[in-house]
Amino acid sequence: MDRLSTRVAVATDSNSGITQMEAKELGISVLPMPFMINEETFFEDITLSQEEFYEKLKGGANVVTSQPSPESVMEFWKDILKEYDEIVYIPMSSGLSGSCQSALMLSEEFDGKVQVVNNQRISVTQRQSVLDAMLLAGRGMNAAEVKDFLEKDKFNSSIYIMLDTLYYLKKGGRITPAAAAIGTMLRLKPVLQIQGEKLDAFAKARTSNQGKSIMINAIRADMENRFGGAKADNIWLEIAHTKNEEAANQLKEELLKEFSGFDIVISPLSLSVACHIGPGSLAIACCKKIT
Amino acid sequence: MTNIIDAKELAKMFLAGAKNLESRKEWINDLNVFPVPDGDTGTNMTLTIMSAAKDVAAMENPDMKALCKAISSGSLRGARGNSGVILSQLFRGFTKSIKEKDKLDVPVFADAFEKAVETAYKAVMKPKEGTILTVAKGASIRARELAGEGCEDLGYFFDEIIKYADEVLERTPEMLPVLKQAGVVDSGGQGLMQVLKGAYDAYLGKEIDFSIEEASGDSLKKANLEPNSDFDIKFGYCTEFIIMLSKNFNIKHEMDFKEYLESIGDSIVVVADDDVVKVHVHTNDPGLAIQKALKYGALSNLKIDNMRLEHQEKLFKENQESKEEAAQEPMPHKEVGFIAVSVGEGINEIFKGLGVDYMIEGGQTMNPSTEDMLNAIDKVNADTIFILPNNKNIILAANQAKAMVENKKIIVIPTKTVPQGITAIINYVPDLTAEENEETMKREMGNVKTGQVTYAVRDTVIDDKKIKQGDYMGIGDKGILSVGSEVSDVTACMVQEMMEEGLELISVYYGEDVAMEEAESLKQRIEDAYPACDVELQYGGQPIYYYIISAE
C-alpha cells in the first residue's frame with residue numbers, strides 16, 4: 001500500500017475526558033468506559049452523564065470501574081477499520097488499569113493494523129496524547145511510528161491532584177502505603193501525583209490555598225528540571241477537576257499570573273479517576289509539546 | 001591580692017560564679033517580662049552553667065586547657081533557652097582565648113572578654129541590644145579600656161568591670177521598651193552579673209561553697225536514679241556533706257575513707273580539694289559516715305534524703321521513660337528524619353501521625369538543652385534530620401546542637417509555635433531535596449498565625465495592657481492580644497484579633513485543663529463568628545496553655 005495514501009485513525013477511551021461530541025469534531029473515536037453502579041452497567045458519556053455520576057457517588061452508591069469487554073473493544077476497532085487502514089489506540093495508563101494490557105493482547109489479532117500505545121497517560125495528559133497522535137499522523141507517520149514516538153515521549157507529562165477528602169481514596173482501596181500514612185488526626189487535603197505508572201501521594205496541605213501553592217511549585221519544578229523550562233511554546237498546561245468548576249476557573253486566573261502567555265485548558269477529570277478521589281478535587285497537569 | 005590567676009584559681013572562680021547564679025535563679029526568673037508560667041531565664045542559665053560546673057568540680061588539679069574544655073563543652077551541651085545558649089557561647093569564646101595560657105592577667109582577661117562577646121554575637125542571628133549581649137559587651141569594653149590604661153591590679157580591674165556592667169544593666173530598660181514597660185532590667189543580663197559577681201567574690205577569698213546541687217539538671221537526676229533502679233533499694237539514705245579539713249587528708253586517707261564507705265554503702269563519691277572533701281554515699285546508716293568524717297574536720301552542707309520514700313514516684317517516671325525509649329529504640333535507617341519538641345499527648349499524637357520520628361518533651365515550662373537535642377539526633381537513624389523546636393526559646397539550642405553534629409545533616413526549621421511546626425511538617429514533600437523542603441517549610445510556617453491562651457503569674461504591664469496575676473491572656477505571634485478573667489472570652493477575643501481576609505481554617509487544640517464540652521462550645525462560638533472558615537477541634541493535652549489556636 002502506498003504510504004501516502006495510508007489512512008491512520010486515532011482512537012482512545014473515555015478516560016481521556018474527550019466527549020463523544022468533541023470526538024466527532026476532532027474526527028476521532030472514543031470508546032466509552034463501563035461503570036458498575038449498584039450492579040447496573042453504565043457507559044461514560046453514553047448512558048451516564050457527569051451529573052448523574054456525581055449524584056450517585058454522593059448518594060453513597062457502590063461505584064466500580066470495569067474494563068470494556070473484549071468484544072466491545074474489537075467491535076469498536078472493526079468499525080473504525082471500515083474507513084481507515086490503521087488505528088493508533090491510546091487507552092488509559094497501564095499503571096491504573098488492566099485495559100491497556102487487554103487491548104495489547106486483542107490487537108495481536110489485527111495484523112499490525114491496530115497499534116496500542118502504552119504511554120501511561122490519563123485524563124488531560126491522555127487527551128494531549130490523542131492530539132499529538134493526530135498531529136503526527138497528519139505529518140505522514142504510520143500507526144506503528146506514531147506509537148513508537150508517543151511511547152518514547154511517555155514520561156514528558158506530569159499531573160498533580162489535590163483531593164478535598166481522603167474518604168473515597170480509602171473507600172476504594174486504591175491507596176498506596178505512602179498515601180495511607182497521610183494524616184491520622186488532622187483533616188488534610190492530600191496532593192497526589194501521577195507520574196508514569198502510578199498514582200501516589202506527593203504532599204499534603206491543610207487548606208486549598210496551601211494545596212494549590214504546592215501544585216504550582218511542583219509543576220514549575222517539573223517544567224524547569226524535566227521539560228526544558230517554563231515557556232509557553234514548550235509546554236501544554238492543563239487544569240482538571242471533579243465537579244469543582246468554579247474553583248477550576250479561579251485556579252486558571254491564578255495560573256495565568258504564574259505562567260503568563262500559556263494557553264490553559266480546563267477539563268473535567270474522567271470518571272474513572274473521579275470515582276476513586278471523589279468530587280471537589282483540583283488538578284494541574286503539564287505535557288511537553290512535541291517537536 | 002594576686003594579679004595573676006592560674007587554672008586552679010579560675011576553676012574556683014567559675015564554680016563560685018555558677019553557685020551564685022544558682023542561688024539567685026528564682027529572683028532572676030521573676031524578672032521575666034512575659035508573665036507566662038514558665039521556668040525560663042534563671043532556671044535555663046543555671047542549668048546551663050551547672051552542666052559545666054559539674055565537670056569542673058570533678059576535676060582534680062586541672063590545667064588550663066582541660067579546665068577550658070570542661071567549661072566550654074559542659075556549658076555548650078547543657079545550654080537551654082536563649083540566654084543559656086548565649087551564656088554558653090560567651091564561655092566558649094572566653095575559653096578559646098585563654099586555653100593556651102597558664103597564667104591570666106589583665107591583658108589576657110581583656111582579650112578573653114572581647115573574644116567572648118564576639119563569639120556570642122555571632123551565635124545569635126539578629127542580636128538585640130538591651131539584653132545579656134549588651135551587658136557582656138559593656139564588660140568587655142570597660143576591660144579593654146582598663147587594659148589600655150595599663151591597669152595591672154586585677155582586683156581593681158574586676159571591680160571596675162562589674163561596676164560598669166551593672167550600669168549597663170540598669171540602662172537595659174532604656175534600650176528595650178518591653179523592659180521599661182514591665183519596670184525590670186533584662187533577666188539574662190542580671191544572670192550574667194551574678195556569675196561575674198560570684199567569681200569576683202571567690203577571687204576576693206570570700207566564703208565559697210563548693211557543693212554543686214545534684215538535683216539541678218536532668219542528666220544528674222538520671223544519674224542518681226541508676227544505682228537504685230533495682231526494685232529493692234539496698235541502701236536507703238542518700239547522704240551528702242562537705243568536710244572542712246582540719247587534719248591532713250592525703251591519698252592514703254582518701255583510700256581508707258572510701259574503703260570504709262564501701263563497707264557501709266554504695267554510689268560513693270569522694271572528691272578532695274586542698275581544704276575540703278565532698279562526700280556522697282548511699283547507706284542505711286548515715287550516722288556511721290558522719291562519725292567517720294568528723295575525724296578529718298568539721299562538716300557542712302549536710303543533706304540526707306530517704307530514697308525509699310521517693311522511690312515509687314521516680315520508678316514510675318523512669319519506667320515510663322524507658323518504655324518510650326524501648327519503643328523508639330530499633331529504628332531502621334532512613335534518608336530523612338524528623339525531631340519535634342512537643343508537649344501534651346494529643347499534640348504528640350498529631351506529630352507522630354505526621355511522621356515525626358522522635359519527640360523531645362519540653363516546651364514552655366522545660367526548655368530542652370542542647371544535649372537533649374544531641375541525644376535525640378543520636379537516636380534518629382537518618383542522614384538528614386529536620387528539627388522543629390516549636391518554641392522561640394528553643395531555636396538557639398537546636399542551632400547549637402546542629403553546629404555540634406558532624407555525621408548527619410541537621411536542618412533547624414525555626415518554628416516558634418506548635419501550629420508552625422505542624423504546618424512545616426505538613427508541607428514537607430518527600431520528592432524534593434532537603435534544601436527545597438527547607439525553603440518551603442520556612443515559607444509556609446510564616447503563613448499560619450498562632451494564638452495561645454494561658455494565665456498570668458504576676459502583675460505587669462505589657463503591650464500597653466495591664467495584666468493582673470491570675471488573669472487569662474491570649475498571646476499572638478507579635479504580643480498579647482487579649483486579657484480578661486474568663487478563658488472562653490479571652491480566647492474568642494484573641495481569635496478576633498487574629499482573623500483577617502482569606503483565612504480558611506481555624507484549628508483549636510485544647511489543653512489538659514480544659515473539659516471537652518467547654519472546648520466544643522468554644523468551637524461552636526468560633527464557627528458562628530466566622531461562617532466562612534472551617535473550624536477544627538483537636539485534643540492537644542498540653543499543660544499551661546488552655547488553648548493553642550491557629551488560623552491559616
Side-chain angles (χ1 to χ4, degrees), chain A residues 155 158-166 170 176-196 198-226 246-247 250-251 253-254 280 282 284, chain B residues 334 338 342 344-357 418-433 435-437 439-441 443-449 500-510 532-541 550-552:
Chain A
F155 289 119
S158 200
I159 305 181
Y160 296 90
I161 312 174
M162 173 176 65
L163 274 51
D164 187 46
T165 163
L166 268 172
K170 279 182 180 159
T176 63
I182 276 181
T184 45
M185 316 280 298
L186 303 178
R187 190 191 44 187
L188 296 174
K189 293 177 184 291
V191 176
L192 309 179
Q193 69 174 332
I194 301 177
Q195 211 82 258
K198 58 184 194 316
L199 175 72
D200 206 349
F202 176 72
K204 41 207 179 304
R206 291 220 76 192
T207 67
S208 51
N209 280 335
Q210 287 167 8
K212 283 193 274 191
S213 124
I214 288 170
M215 293 195 291
I216 290 170
N217 288 331
I219 277 284
R220 179 180 288 113
D222 283 343
M223 288 178 181
E224 270 156 19
N225 303 333
R226 294 167 46 202
E246 201 182 315
Q250 201 195 327
L251 177 60
E253 298 300 312
E254 290 164 26
L282 267 185
I284 305 180
Chain B
K334 307 167 78 172
F338 280 90
S342 169
E345 50 176 321
I347 290 174
N348 287 348
E349 273 309 310
I350 289 167
F351 274 123
K352 218 178 278 170
L354 291 170
V356 169
D357 301 287
V418 164
Q420 284 190 352
I422 289 174
T423 300
I425 190 168
I426 283 176
N427 279 280
Y428 173 75
V429 176
D431 284 11
L432 299 182
T433 64
E435 289 73 21
E436 287 168 323
N437 271 307
E439 202 191 311
T440 314
M441 290 161 88
R443 186 184 59 235
E444 290 300 328
M445 72 178 213
N447 291 334
V448 60
K449 298 174 145 218
E500 62 179 46
E501 194 79 8
L503 294 176
E504 294 175 68
L505 175 68
I506 298 173
S507 311
V508 178
Y509 307 90
Y510 65 100
C533 271
D534 288 334
V535 182
E536 193 174 277
L537 184 68
Q538 299 281 350
Y539 175 62
S550 65
E552 55 202 305

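Every chain is numbered from 1 and lettered A, B, ... according to where its sequence line falls, protein lines coming before strand lines.
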Can you see whether A/Gln250 engages A/Glu246 through a side-chain donor-acceptor pair at a distance of less than 3.5 angstrom?
no
Using heavy atoms and a sub-4.5 Å threshold, report which of residues 205-214 of chain A line up against chain B, by residue number.
A/Ala205, A/Arg206, A/Thr207, A/Ser208, A/Asn209, A/Gln210, A/Ser213, A/Ile214
What part of B/Glu552 lies closer than 4.5 angstrom to a heavy atom of chain A: side chain, backbone, both or neither?
both
Polar side-chain atom of B/Asp534 near backbone of B/Leu505 as donor-acceptor pair, under 3.5 Å
no
Do B/Val508 and B/Val535 have side chains that get closer than 4.5 Å, going by heavy atoms?
yes
Sort B/Phe351 into side chain, backbone, both or neither according to what part of it lies under 4.5 angstrom from a heavy atom of chain A.
neither
If we only count heavy atoms from C-beta on, is the B/Ile422 to B/Ile350 side-chain gap below 4.5 Å?
yes
A/Glu224 CD: over 12 foreign heavy atoms closer than 6.0 Å
yes
With a 6.0 Å cut-off on the ring centroids, do B/Tyr539 and B/Tyr510 count as close?
yes
Counting heavy atoms not belonging to B/Glu436, are there more than 12 under 6.0 Å from its CD?
yes
When the 4.5 angstrom heavy-atom criterion is applied to B/Leu503 and chain A, the contacting part is neither
Need one label for B/Leu537: side chain, backbone, both or neither, based on atoms under 4.5 Å from any heavy atom in chain A.
neither
Could you tell me whether the side chain of B/Glu349 reaches within less than 4.5 Å of the side chain of B/Glu345, counting heavy atoms only?
no
